[in-house]
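Input: a single structure, listed below in structure tokens.
Owing to the predicted nature of the structure, the values given are computational and were not obtained by experimental measurement. All residue numbers in this chain count up from 1 along the given sequence. Because only heavy atoms are used, hydrogens play no part in the values below, and waters and symmetry mates are left out as well, while side chains stay in. Both ligands and their constituent atoms are indexed starting at 1 by order of listing.
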Amino acid sequence: MAGSLKGRHFLKEQDFTPAEWRDLLALTGELKSARAAGREQQMLGGLNLALIFEKTSTRTRSAFEVAAHQQGAHVTQMDGNSSQLGHKESPADTARVLSRLFDGIEYRGTHQSTVEKIAHYSSVPVWNGLTDEWHPTQSLCDMFTMRESSGLDDHDIAFAYVGDARFNVGCSLLIGGALLGMDVRIVAPGKLLPPDSVVRTAREIAAATGARITLTDDLDAVKGCRFIHTDIWVSMGESESVWTERILLLQGYQVNTALLERTGVPEVKFMHCLPAYHNRETTVGEAIYQRFGLEELEVTEEVFESPASIVFDQAENRMHSIKALLIATLT
Ligand code: CP
Ligand code: NVA
């Protein structure tokens, strides 16, 4: 046990030690098993949580809400339109007001500096629900899901993230995997590899944890991987105008059956934080089809719907892992 995490903010992966990560993952497993066995104990009764979403969300919002409700806590949802945050009130003032009323604050928005500022001025734990730079509740879930799915020790887990690796999910998986000593392969065109500062941090962590870090534009790097992750090619907040360039850069990095076969691992699993563009059944998916003639983008329908796809187990695990985070930082 690494010790209590009570009162800690959860802003990005490297703020926590490998031992603290392992404790959060162990607690996630205990909570998931307890719920399945009908022996969950409520530990957050009477607490109030503020959930701020300046960007849209299905999973993160639902995971925080359901985890809180199952544990006896109440939540208040806020966004940029229905609250004063951003346009009339600064992050510093908002943080000082909310932490007089609430026991914890979740924040999703554009800039990491905003969630860092909220945390600086808050007297209660602040959890990063996604910024452009980091998505640590996602990587917590993903590390848990890879363990659960494979039954392997962290050191024996090899995974690849294939796609736009500059953004939140790619960077968070790189650092999360480094902290747990995994074999991490980041596969992306040179222009879409993680920023140098993130790579430096990953290599420093890996030197201490025994993680193996590969950054390459070569798809052969997926060989031996038990898990292939990807994310959407154009993230929330990016301009529509980047689609053309992004498709040109990433079309060769689509996760399809041939790519899964290239791992040479019969048990290979496909993971995606979601939402995903794998058919024309969304407004954006249809618009992309009309503009570019492409029916599927970062992942094919065949892979998404295949037995190799564990994306809905992964989505469920957002709730169990966020519940662990709430309990660890609030009690
Ligand atoms: N994966 C994820 O964060 O999903 P939402 O954007 O729906 O919260
Ligand atoms: N990179 C994506 C992740 C969504 C969960 C985005 O920021 O839109």
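Ordered by chain and residue number, the residues placing a heavy atom less than 4.0 Å from ligand 1 are Ser57, Thr58, Arg59, Thr60, Arg108, His135, Gln138, Cys273, Leu274, Arg318.
Residues Pro136 and Glu13 share a closest heavy-atom pair of CA-OE2, 3.1 Å.
Other residues, nucleotides and ligands place more than 12 heavy atoms under 6.0 Å from the CD atom of Gln290. Applying the 6.0 Å contact sphere to NZ of Lys55 captures more than 12 heavy atoms from other residues, nucleotides or ligands.
By the 3.5 Å distance cut-off applied to N or O atoms, Arg108 is not counted among the residues near ligand 2.
Here the CG-CG distance, from Leu11 to Asn128, works out to 6.5 Å after rounding to the nearest 0.5 Å. The CD atom of Gln70 lies 4.0 Å from the NZ atom of Lys323; values are rounded to the nearest 0.5 Å.
Taking every heavy atom of Leu274 and a limit of under 4.0 angstrom, the matching atoms of ligand 2 come to 5 (C).
Lys88 has no carboxylate O lying under 4.0 Å from a charged side-chain N of Asp93, or vice versa, which leaves the two without a salt bridge. Taking 4.0 Å as the cut-off between side-chain N and carboxylate O, Glu106 and Arg61 do not count as a salt-bridged pair.
Closest heavy-atom approach to atom 4 (C) of ligand 2 within the set Leu130, Asp132, Asn168: this belongs to Leu130.
Contacts of Arg226 classified as side chain to side chain contact (heavy atoms under 4.5 Å, CB included), with partners at least two apart in sequence or in another chain: Ser150, Leu152, Val265, Glu267.
The protein heavy-atom contact nearest to atom 8 (O) of ligand 2 is Met236 N, 2.8 Å.
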